[in-house]
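Worth saying up front: this structure is predicted, and the values here are computed from it rather than measured.
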Amino acid sequence: ELDSVLTVLAAAGRDADAARPILQAAAIRANGNGTGTVAATDTYRLHGTALAFVDGEPRSELLVRADALALALKTASYDVGIGRGEGYATLRYTSKKGPKRSPRVVECWTAVRSPEGPFPNYDTLLPPVSDAATVWTVLDAAGTADALRRHENRANAPTVFSAAGSAVSVATKVDGVETVGTVPFETTGDAFSVALNPSYAADAFRHAGDGANVYVRDGLKAVYAENG
């Protein structure tokens with residue numbers, strides 16, 4: 001579960017979003033039955049995942065700075081306890097430091113001020129899968145992400161995904177130089193092209209994991225990936 005949350009945090013806003021600090025937060029929402037979700041967005045992409053243990057009233061939310069939560073998750077030995085204060089969140093976790101043969105256990109506690117303002121209502125951003133024109137199934141999430149990393153570029157040129165039959169080709173053109181390749185998707189439905197940010201797509205497909213379904217409606221609408 002720690003790895004899943006870390007991939008969610010990849011979608012949070014960065015320092016460049018200082019004018020909208022709410023985008024630098026992760027929203028932890030309770031379902032009211034002991035479970036919950038965590039989501040992050042920079043308005044260009046949205047990542048979310050289920051959490052096994054979240055206390056609180058239905059739809060109650062706790063906002064935690066994504067960078068502080070990511071640091072705790074990377075440092076923690078197994079899990080991170082998150083609590084609510086008046087205008088801040090607390091992070092508690094155990095970390096093992098030192099040599100592997102005789103590590104010392106360190107109890108960590110951090111208080112992080114919660115960003116002010118409402119988090120985007122991401123439920124309204126999730127498209128219905130019923131109107132998808134085509135569905136791609138991720139066969140190798142890690143391999144797909146690694147392949148797309150080769151298409152990253154500073155010019156922010158999009159990567160064009162072209163699905164036809166059982167293959168998806170990818171192509172990125174920067175300053176007249178085109179990088180082409182294929183990604184291991186299984187496709188069903190209509191064949192057409194869609195342009196995606198290669199960095200965002202790599203993060204999304206790695207987060208969704210093997211066996212995930214990617215719902216594509218048309219070349220102008222958001223692409224939605226869901227665990228299979």
Side-chain angles (χ1 to χ4, degrees), residues 3-17 20 23-24 26 39-49 66-67 70 120 122 124-228:
D3 290 340
S4 294
V5 177
L6 279 172
T7 58
V8 167
L9 301 181
R14 299 295 183 260
D15 292 339
D17 299 308
R20 300 181 65 187
L23 298 179
Q24 298 178 6
T41 180
D42 59 5
T43 72
Y44 297 102
R45 52 182 171 163
L46 166 69
H47 287 187
T49 192
D67 53 358
Y122 55 87
T124 63
L125 303 177
L126 300 178
V129 299
S130 58
D131 63 354
T134 185
V135 179
W136 306 341
T137 300
V138 180
L139 301 179
D140 179 5
T144 297
D146 291 342
L148 291 176
R149 295 297 181 197
R150 293 193 286 272
H151 290 258
E152 293 177 334
N153 59 89
R154 295 183 178 180
N156 265 343
T159 295
V160 177
F161 292 69
S162 299
S166 60
V168 175
S169 64
V170 290
T172 308
K173 181 178 288 188
V174 181
D175 296 332
V177 178
E178 189 173 40
T179 302
V180 297
T182 59
V183 289
F185 286 144
E186 181 180 285
T187 68
T188 58
D190 299 340
F192 59 87
S193 299
V194 61
L196 301 174
N197 180 301
S199 299
Y200 293 176
D203 287 342
F205 297 143
R206 184 184 293 276
H207 171 55
D210 294 346
N213 288 325
V214 182
Y215 299 96
V216 186
R217 293 176 289 168
D218 62 44
L220 299 178
K221 295 181 180 178
V223 172
Y224 176 55
E226 180 180 51
N227 291 100

Flag side-chain contact, heavy atom, 4.5 Å: [X] against [Y]:
X	Y	result
T49	H207	yes
V138	F185	yes
E186	L139	yes
D42	Y200	yes
L196	T159	no

How close do [X] and [Y] get, counting heavy atoms only, and between which atoms?
X	Y	answer
V174	A155	CG1-CB, 4.1 Å
P198	H151	CG-O, 3.5 Å
L46	A39	CD1-CB, 4.3 Å
S193	V160	CB-CG1, 3.9 Å
V180	A171	CG1-CB, 3.9 Å
A163	V168	CB-CG2, 4.0 Å

Please check this pair: side chain of R45 against backbone of A10, looking for a donor-acceptor N/O pair closer than 3.5 Å.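 Pair found, side chain donor or acceptor close to backbone of A10.
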Check whether more than 12 heavy atoms from other residues, nucleotides or ligands sit under 6.0 Å from atom CG of D3, and answer yes or no.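 No.
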Rounded to the nearest 0.5 Å, how far apart are CG of N197 and CD of E152?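 So the gap between those two atoms works out to 8.0 Å.
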Starting from the C-alpha separation in whole Å, work towards a yes-or-no answer on side chain to side chain contact (heavy atoms under 4.5 Å, CB included) for D67 and Q24. CA-CA 8 Å; D67 53 358; Q24 298 178 6; 5.7 Å; no
Per the side-chain contact (heavy atoms from CB on, under 4.5 Å) rule, which among D210, L148, V183 passes with F205?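 So the option named by the test is L148.
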T144 and W136: side chain to side chain contact (heavy atoms under 4.5 Å, CB included), yes or no, with the steps? CA-CA 12 Å; T144 297; W136 306 341; over 6 Å; no
Do R206 and D203 sit within salt-bridge range, that is, some charged N less than 4.0 Å from a carboxylate O? no
Residue among T187, T188, N213 satisfying side chain to side chain donor-acceptor pair (under 3.5 Å) with T137: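 Looking at T187, T188, N213, the match for T137 under the side chain to side chain donor-acceptor pair (under 3.5 Å) is N213.
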